[in-house]
Amino acid sequence: MSLVNGKRQADWFADEAGTDADGPYAGIVFNRPIDQIFSYRVPARLEEVVRPGQRVRVPLGRGNKPAVGYCVRIDAEAPSGIDPSRVKEVLDVLDDPPLINAAMLELTRWMAGYYACSWGQALDAVVPAGVKNQAGTRVGTFLTVPDEIRKSLETLELPTKQAEALAVLCRSDEPLTIADLCRLAKCASGPITALRQRGYVNTVRRRLPKDAFNASSSAALGDDSDAKPIPALTVEQTAVMAAMTPALEGDEFATFLIHGVTGSGKTEVYLSAIERVMARGREAIVLVPEISLTPQTIRRFRRRFGKIAVLHSHLSDAERHRHWRSIAAGEVQVIVGARSAVFAPARRLGLIVIDEEHESTFKQETTPRYHARDVAVKRAQLERIPILLGSATPALETWRNAELGRYVRLPMMERVGARPMPKVELIDLSHERLPLGGLSEPLRQAMIAALKDDGQVMLLLNRRGFHTFVICPNPRCNQVLKCHACDVALTYHKGRRLLICHTCDAERPRPSACPNCQAPNLHYGGIGTERLEREVEMAFPDSVSRRMDSDTMRTPGSHEQVLAAFRSGEIKILLGTQMIAKGLDFPNVTLVGVVNADTALHMPDFRAAERTFQLVAQVAGRTGRGDRPGRVLVQTFAPDHYAIDCASRHDYEGFVACELPERQRFGMPPFGRLVRLIGRGPDEPQVRTFMNELLETLKAAALPGVTMHGPAPTPISKIRNLYRYHLRLRSESPRPLQTLLQAVAPSIAPPGEVELAIDVDPVNLL
DNA sequence: AGCACGCCGACT
DNA sequence: GTCGGCGTGCTC
């Protein structure tokens, strides 16, 4: 609805009757680290307009500088404890209708408390930038005909051109722009100006999508639903659906963990569940890791549901805005997207699905550092709807929640078509010679065999570049070349003849001698995908191979092109980083090789074993999806490590049985909660001093059950010339940590250029 | 986070 | 004598 003079047209006569005794008050929060709700008087002209969930402009501070805030509530009377003489008035309403509904207001308030930020900051993170700046829309002047003129149209005596223009405008069901009317009435703007001056036409200012200004609007949300037969559910899928039915059909909160091995048909279960809630006129949100948001995935949803909204990071502001509005208007029933799609403004949400629930990309690494899975569970709880978490290798937090009965675990242990899980063979690198670099003799032989059999091969190596480090050969120096701005070893990229920092992307030419001691003949070591590619090309000159990592996939669409070429069989050997391992299934892949399974194992992170297990287990599921059996070869220096051993036997529960006691012994998640306080700044002593003071503040507020570690430099102690220290808080349950943070929050102002970040439930400890 | 107020060093 | 350094405290 449009606003006229800040009022709804329907309420045009309301103010004469209004009693303006005290007037309503609006509770406003700001996108600033101020954890308070400010009260502003709502002036009479805005009384019928201001509603919770809108952005408003209000004067703030001594200079009454206009600031944008979010209205979170309307009070009939002045809230107690504020001086009425100091209350200011709301200036302006920015959104009509409101951007945020009641459920999302509640959700963001919870986020603020849980993730230790202000309500305003949480709200600001939920609304996309394109929506805030109304990208893709513009304000235009539109012409309408007043009713009395319309009625007396015949009796008016007007010059021909004006009469013609007026008639055209009367026949249009929509208000027209001046330009449109000129075109339709085949006249210049003169007659129209005359009509306006005579008061025969009115002008209204409206904000509309840009494409509405030139008549033809394109179908925004793709709709290529070519019906494909819906496969009948397997016995196991049927059983899982049956278990979820009461929740899907009643309005109740329930969290289901669909623990299904790769190839067990989890997606089909998601689709069936979505159909159930759609049939009741409800909407569903599907969250997938950004990397899985491929055309292939999207097509699958689109074929089944027709009109869906896809939210991914490459949308323009205008596209995102359009999708958001379309969702809020109830025009789309299925929303598929990455992390931030958890905030999609669905009106009657009926279901949330999170695929690959364990993926760390669901954690946002900027304030507010929320975990989309945990926010989604909270949202489901607030909206009283079911939520489905799907994974072959659930996060241990999720597993534990299932064990404790908070989530319902629904196992799916059979692969569709009764295909066996591929056999995984471990190659102990401590007993192997690696003549060329990355490929052991058994892996090379297996590749020869697979290719000879007309199968395809995937090789996974989680490191970009040619050499992963450069070191000075002089034993007295022996320094690894590091980035100038970061505490990180530089990687040599042979193709570009550059040393590159993978943390800040800084590049520099390779030096001819050690920058520290001038020794010549620097030693290059470690294997990255670039070097593996070279090795494969040399060993298999007759088979087309392709490298896929973020270096080769720079142009948009290249990802899809390579995958299409691999699918068609044109490419025989696909090698690359994580990005080849995610959610893709290629029936003709008969061999998967993990070049180095240990890359994550020795990280200084309590989740190192879990990450290693997940990586190997996921990759192992990528083969044997067609009719032919698959083989998986995993190269490792630690074949006896339980993470690798269990992954090779597809034994999730075995891994859990080894890992959980370790976690319990150290009180790590899922047996305790962590909060990480990260201080960073350009001056190391200043950061260190601040963090030490912060520790004292925390100790002074001491809470039973909260233990503190540090402060200590973070494992990567410097990034982009900012020194980093962290302090870790641990507790059995989240509550004491929340209380502690809230208690000390007012008294921790970092000095000068130091910044403090609070990471609740950290996933990344670097 | 901004932004104003406030109390101490090197300049016309 | 002043311009300005950024420490401290507030924002309905």
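In what follows, chains are A, B, ... by sequence order, proteins preceding strands, each numbered from 1. Just so it is clear, the values below take in all heavy atoms, side chains as well, and ignore hydrogens, waters and symmetry mates.
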Which residues share a side-chain contact (heavy atoms from CB on, under 4.5 Å) with Thr203(A), sequence neighbours left out: Thr141(A), Leu143(A), Arg196(A)
Outermost nucleotides of DNA chain C that come under 4.0 Å of a non-hydrogen atom of chain A: dG9(C) to dC12(C)
Got a list of protein N/O to nucleotides 1-7 of chain B N/O distances below 3.5 Å?
from: dC3(B); atom 1: OP1; to: Lys65(A); atom 2: NZ; distance (Å): 2.5

ring-ring contact (aromatic ring centres under 6.0 Å, His included) partners of Phe362(A), counting only residues at least two apart: none
Any pair counted as salt bridge (charged side-chain N to carboxylate O under 4.0 Å, His left out), so long as it reaches residues 757-766 of chain A, sequence neighbours left out: Lys363(A)-Asp759(A), Arg369(A)-Asp759(A), Arg673(A)-Asp761(A)
Any residue meeting side-chain contact (heavy atoms from CB on, under 4.5 Å) with Thr361(A), in chain and number order, not counting sequence neighbours: Pro289(A), Glu359(A)
Positions of residues 675-686 of chain A (non-hydrogen atom under 4.0 Å from DNA chain C), listed by number: none
Review item, side-chain donor-acceptor pairs of residues 679-688 of chain A, under 3.5 Å, at least two apart:
from: Asp683(A); atom 1: OD2; to: Gln686(A); atom 2: N; distance (Å): 3.3
from: Glu684(A); atom 1: OE2; to: Tyr725(A); atom 2: OH; distance (Å): 2.6
from: Arg688(A); atom 1: NE; to: Tyr725(A); atom 2: OH; distance (Å): 3.2

With sequence neighbours excluded, residues passing side-chain contact (heavy atoms from CB on, under 4.5 Å) with Ala116(A): Leu741(A), Ile758(A)
Residues in ring-ring contact (aromatic ring centres under 6.0 Å, His included) contact with His726(A), at least two apart in sequence or another chain: none
Sugar-phosphate only, base, or nothing, as touched by Pro751(A) at under 4.0 Å among non-hydrogen atoms: nothing
Non-neighbouring partners of Ala284(A) that pass side-chain contact (heavy atoms from CB on, under 4.5 Å), sequence neighbours left out: Ile274(A), Val277(A), Leu351(A)
Pair Arg611(A) + Asp605(A), salt bridge at N-O below 4.0 Å: yes
Taking only distance into account, with no hydrogens and no angle test, what donor-acceptor pairs under 3.5 Å do side-chain atoms of residues 700-715 of chain A form with protein atoms, sequence neighbours excluded?
from: Thr707(A); atom 1: OG1; to: Arg730(A); atom 2: NH2; distance (Å): 3.3
from: Thr714(A); atom 1: OG1; to: Ile716(A); atom 2: O; distance (Å): 2.6

